[in-house]
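Let me begin by presenting the structure, written as C-alpha coordinates, before commenting on it.
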Amino acid sequence: MAPVTPKSVLDKAALVAELEEVRRLGYATAPEESLLGINAVAAPIFDAQGGLLGSIGLIASIQHLGTAPSEDQLRALLSLTKAIGQRGSSVQDGSEERG
(Lines give C-alpha, C1' and ligand atoms only; values in the text may rest on other atoms or scores of the structure.)
Protein backbone atom coordinates (compact mmCIF):
# COMPACT_ATOMS: atom_id res chain seq x y z
CA MET A 1 0.00 0.00 0.00
CA ALA A 2 1.29 3.44 -0.87
CA PRO A 3 1.23 6.02 1.90
CA VAL A 4 -1.10 8.95 1.67
CA THR A 5 1.07 12.06 1.57
CA PRO A 6 -0.69 15.27 2.60
CA LYS A 7 -1.34 17.85 -0.08
CA SER A 8 -2.18 21.49 0.41
CA VAL A 9 -5.56 21.67 2.14
CA LEU A 10 -5.95 25.11 0.59
CA ASP A 11 -6.55 23.45 -2.78
CA LYS A 12 -10.03 21.88 -2.81
CA ALA A 13 -9.23 19.44 -5.63
CA ALA A 14 -6.12 18.20 -3.79
CA LEU A 15 -8.10 17.77 -0.57
CA VAL A 16 -10.86 15.82 -2.32
CA ALA A 17 -8.27 13.57 -4.01
CA GLU A 18 -6.50 13.00 -0.69
CA LEU A 19 -9.76 12.07 1.06
CA GLU A 20 -10.65 9.65 -1.75
CA GLU A 21 -7.25 7.98 -1.36
CA VAL A 22 -7.68 7.75 2.42
CA ARG A 23 -11.09 6.09 1.92
CA ARG A 24 -9.61 3.67 -0.62
CA LEU A 25 -6.69 2.68 1.62
CA GLY A 26 -8.60 2.74 4.91
CA TYR A 27 -5.95 4.80 6.69
CA ALA A 28 -4.07 8.09 6.51
CA THR A 29 -0.52 9.10 7.34
CA ALA A 30 0.96 12.38 8.56
CA PRO A 31 4.74 12.03 8.24
CA GLU A 32 6.47 14.83 10.12
CA GLU A 33 3.40 17.00 9.56
CA SER A 34 3.12 18.44 13.08
CA LEU A 35 6.61 17.84 14.43
CA LEU A 36 9.90 16.94 12.76
CA GLY A 37 10.96 13.42 13.58
CA ILE A 38 7.42 12.26 14.42
CA ASN A 39 5.20 10.27 12.07
CA ALA A 40 1.58 9.23 12.47
CA VAL A 41 -0.86 6.81 10.89
CA ALA A 42 -4.57 6.60 11.74
CA ALA A 43 -7.59 4.55 10.74
CA PRO A 44 -11.32 4.89 11.41
CA ILE A 45 -13.40 2.54 13.55
CA PHE A 46 -16.74 1.66 11.96
CA ASP A 47 -19.69 -0.19 13.51
CA ALA A 48 -21.49 -3.01 11.71
CA GLN A 49 -23.75 -0.54 9.90
CA GLY A 50 -20.80 1.51 8.65
CA GLY A 51 -21.27 4.31 11.17
CA LEU A 52 -18.16 5.99 12.50
CA LEU A 53 -17.39 5.12 16.12
CA GLY A 54 -14.00 6.84 16.34
CA SER A 55 -10.44 6.35 15.19
CA ILE A 56 -7.12 4.97 16.34
CA GLY A 57 -3.84 6.70 15.64
CA LEU A 58 -0.28 5.50 16.05
CA ILE A 59 2.29 8.21 16.71
CA ALA A 60 5.99 7.43 16.92
CA SER A 61 9.44 8.66 16.06
CA ILE A 62 10.64 8.18 12.50
CA GLN A 63 12.92 5.37 13.71
CA HIS A 64 9.87 3.27 14.65
CA LEU A 65 7.19 4.49 12.26
CA GLY A 66 8.42 5.23 8.77
CA THR A 67 6.89 7.67 6.30
CA ALA A 68 5.25 4.60 4.79
CA PRO A 69 4.04 2.37 7.65
CA SER A 70 5.19 -1.24 7.46
CA GLU A 71 2.76 -3.97 6.47
CA ASP A 72 2.94 -5.29 10.06
CA GLN A 73 2.05 -1.87 11.49
CA LEU A 74 -0.87 -1.48 9.08
CA ARG A 75 -2.08 -5.02 9.72
CA ALA A 76 -2.03 -4.42 13.50
CA LEU A 77 -3.79 -1.05 13.21
CA LEU A 78 -6.52 -2.28 10.86
CA SER A 79 -7.02 -5.46 12.88
CA LEU A 80 -7.45 -3.36 16.03
CA THR A 81 -9.95 -0.97 14.43
CA LYS A 82 -11.95 -3.92 13.09
CA ALA A 83 -12.02 -5.67 16.49
CA ILE A 84 -13.08 -2.49 18.29
CA GLY A 85 -15.77 -1.85 15.67
CA GLN A 86 -17.16 -5.36 16.11
CA ARG A 87 -17.15 -5.03 19.88
CA GLY A 88 -18.73 -1.58 19.66
CA SER A 89 -21.48 -2.93 17.44
CA SER A 90 -22.28 -5.73 19.86
CA VAL A 91 -22.45 -3.26 22.77
CA GLN A 92 -24.72 -0.94 20.75
CA ASP A 93 -27.16 -3.70 19.87
CA GLY A 94 -27.14 -5.15 23.40
CA SER A 95 -25.67 -8.52 22.46
CA GLU A 96 -22.67 -8.05 24.78
CA GLU A 97 -23.07 -8.09 28.52
CA ARG A 98 -22.09 -4.93 30.27
CA GLY A 99 -20.56 -5.22 33.64
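Starting from 1, each residue takes its place in the sequence as its number. Just the heavy atoms: all of them, side chains too, but no hydrogens, waters or symmetry mates, feed the values below.
The minimum heavy-atom distance between G26 and A43, with the atom names listed, is O-CB, 3.5 Å. Closest approach of H64 to Q73, counting heavy atoms only: O-NE2, 2.6 Å. Here the closest heavy-atom approach between residue V22 and residue A28 is recorded as CG2-CB, 3.7 Å. The nearest pair of heavy atoms linking E33 to T29 is OE1-O, 4.5 Å. Between V41 and L77, the closest heavy-atom pair is CG2-CD2, 4.0 Å. In terms of heavy atoms, A40 sits closest to I59 at CB-CG1, 4.0 Å.
A distance of 9.0 Å separates OG of S34 from CD1 of I38, quoted to the nearest 0.5 Å. We find the CG-CD distance between D11 and E18 to be 11.0 Å, quoted to the nearest 0.5 Å.
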Check against salt bridge (Lys or Arg N to Asp or Glu O under 4.0 Å), R23 and E20: CA-CA 5 Å; R23 283 187 191 103; E20 288 173 0; 5.9 Å; no
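The shortest side-chain heavy-atom distance between L53 and F46 does not fall under the 4.5 Å cut-off. At least one side-chain heavy atom of R75 sits less than 4.5 Å from a side-chain heavy atom of D72.
I62 and Y27 fall into different hydrophobic clusters, where Ile, Leu, Val, Met, Phe, Trp and Tyr side chains are chained together by heavy-atom contacts under 4.5 Å. If you chain together hydrophobic residues whose side chains sit under 4.5 Å apart, L58 and L35 never meet in one group. The hydrophobic cluster containing L25 also contains I45, counting ILVMFWY residues as joined when their side-chain heavy atoms lie under 4.5 angstrom apart, directly or transitively.
Using a distance-only test at 3.5 Å, with no hydrogens or angles considered, a donor-acceptor pair links the side chain of E32 to the main chain of G37.
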